[in-house]
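Predicted, not measured: the structure shown is a model, and the values here were computed from it. These values consider heavy atoms only, across backbone and side chains, with no hydrogens, waters or symmetry-generated copies. Naming convention: chains lettered A, B, ... in sequence-line order (proteins, then strands); numbering from 1 in each chain.
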Amino acid sequence: MLLVVVVLHITNSCKKDKLSSQELPTINSEVNLSELKIIYSKDTSASKIGLNGVSETHTAMLKNRNVKWDKMYYLKRDSSRIMEFDLEKSTDVWTFQTNPINCLNKNSLVFIEFNNGKRLNFYMKVFENLKSPDSSSVIADVHYNKIPSKFNGQVMFYTLDKKFINGYQYNEGKIIKAFSPKATNSNNDKTILSDEGKKRVLLNLYVDCAEAYNYNYQVGNPGSGSWVDSGYEECYTSYGSDGNSGGGDGSSSGSGGVSGDGGYTSGPDTSQNGQNVTVDPSITANRKLNCVYSVIEKNSVYSALTVAFTSSNYNLKIVAGILPANITGKTINSKGYNSSDVTIMINNDTESYSVAAYVQAFIHEAYHARIVQVLIQQNRMGAQAFNTTYADSFDQYLAYQMDSTRSAYQARGQTFSSNDSQAEQHNIIAKDTEFIALGMKEAMEIISPSIKNDPYVNWNTYLNYAWEGLQESQAFKDKWGDDEKTPNQSLHESINLLNQYTGCQ
Amino acid sequence: MKYLIIFLIIFFVSLDLTFSQVTTIKRDTLYYLLDTAKIPINDRIIKIVDAQVFKFYYFRCPCLDEGQMPYLIHRTNDKGEIIDSTKINKIKTIATVPLLYLFHKNYYRFNVEHTVYLLEVLPDKKIIKHLVTTGALLMKM
Ligand SMILES: [Zn+2]
């Protein structure tokens, strides 16, 4: 007879968390603990390779994997249930901080059991960064799909053979960054996983670790004050993620789920992309623009950026119109931030601009539209912008960026003008040039398939092209130099190279 | 003679009309002669950059949006066509300033409205003819 001791966690994480009522102490009959133990020992058996080895693909951060079966966190959802156990305490403490003040870790084992019988079993590693040594820790209250509002740090998921799956970074309980595995091979390809029509996009961008997101873990004892580099690195691609991978089942906004957790079916359905995205006849009646847009609207990057407009509160209109010759696209919120309508206008002089220019303009403007939407939210709801039901992690990432910039201006006694806002928007977009490049590559290879055979077109060509339009950003000046008159040669090469591709004529 | 002139005018007008019916775009063909040897390197208005994919001919004139320079390009693997230097005098070429004026007028539509041949005088006095286009500027978005 097994005795399951159940701990009921009452969290103060999220006031509007609909799941609280479903968070029940379980009874013996509901959970078959011996079955879980068998599953765990099978999945971690010695026959599975790489279990204790450390390599590029197996984390060193899960050393003691003995499970404390005597306490369980249990959460019942509409289509699944979650059973979570702590692992025995490890002597190592790992952190993303380069300058750790007070860091705590917790390792857990999570079982998700779906109503259809499918299972998802994985490790969850929690990294808590206390703001100061005397801040109180909330790490004990961090659970799968349940992040306390005071939590600062990262939550990372690993397979039972210790391979990184995905993860999130939190600030005050809100997702500010998402992580997915960096590809181990370095060809110029990409991986996109979509999840049953849900707008989940995972990217393996094959970027060089040194590029941006390289975290050196440090290992040490929080009390001793001595931290040493472990000599071990994990490299992730991080980006502002979309809703469903971060949104759990939607009722716990920004809680952050493991890839493959489809158990959020009770949440808002964001799969109907296009519901409030209107394409004006000025686009559809134009042969070239209609052709480009028909490819763009199915584009994984464009879809991920525009999915927030599927809420009934926000509308996105795509139109073609007369714009100055040096402007390929523009995002307009004509009625000011009090309107929920955002318009992307594309230059209708289709003889003058290439297919690549239009592809890039659509994706670039989708970024603007998304940021403008977040600005609308902020203006209406101030700090409450995070708490909209459809706010996904990408919104939060943008809002966080805009908020912190706005605060920095205010702290200096400066007003945050629309020009400053535009510059900051460009800095955000500049950080996501990889994302734009990915969308461009995907679209161009559909519109002009022969581009795949061009020996001169590679990932860098797209990466370079993605910088167009970002001239006013600080990031552009940092990368390409301050002098727009003599831009880096490789920028001109890349732009002219892709511009030569036709299609959609 | 008078009739002949009238005839020619009618002929050209009707030719123009027929042409207009075929396409609304009236493309002008321009020839631009580039004889770098004649000008000391620092005085040259044109800066030539031989890059991986394209050969760039930058006009040192910040006369476009945001002070960007107009430039002509052709593929480096396009070897062009050697032309007889005795024929060069028969070709009507456009001077630099009028060309810059055309660039300035509407650089973005330039390739739609013009076909440009670059006649480059090589050190051995041979002339090489390349079909060129204007290079892309950085667009605003
Ligand atoms: Zn822009």
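Heavy atoms of F56(B) lying under 4.5 Å from chain A belong exclusively to its side chain. When heavy atoms are compared at a cutoff of 4.5 Å, E468(A) approaches chain B by way of both its backbone and its side chain. Looking at V53(B), the atoms closer than 4.5 Å to chain A (heavy atoms on both sides) sit in the backbone and in the side chain alike. Interface residue I73(B): only side-chain heavy atoms are found under 4.5 Å from chain A. In this structure, chain B has no heavy atom under 4.5 Å from any part of N347(A). For N326(A), the parts sitting under 4.5 Å from any heavy atom of chain B are the backbone and the side chain alike.
Ring pair H492(A)/Y71(B): centre-to-centre distance below 6.0 Å. In summary, the aromatic rings of H130(B) and Y57(B) are positioned with their centroids too far apart to meet the 6.0 Å limit. Taking the six-membered ring for Trp and the full ring otherwise, Y32(B) and F59(B) have centroids separated by under 6.0 Å.
Listed in order of number, the residues of residues 86-102 of chain B that approach chain A to under 4.5 Å between heavy atoms amount to none.
There is a side-chain donor-acceptor pair under 3.5 Å between Y501(A) and D454(A).
Looking at Y108(B) and M139(B), their side chains come closer than 4.5 Å, going by heavy atoms from C-beta outward. Looking at heavy atoms from C-beta onward, N464(A) lies in side-chain contact with W480(A) at the 4.5 angstrom threshold. Between I332(A) and K330(A), some side-chain heavy-atom pair lies under the 4.5 Å cut-off.
Ion pair E120(B)/K55(B) flagged as a salt bridge, since at least one NZ, NE, NH1 or NH2 atom sits closer than 4.0 Å to an Asp/Glu carboxylate oxygen.
Crowding of K129(B) atom NZ: a count of heavy atoms from other residues, nucleotides or ligands under 6.0 Å exceeding 12.
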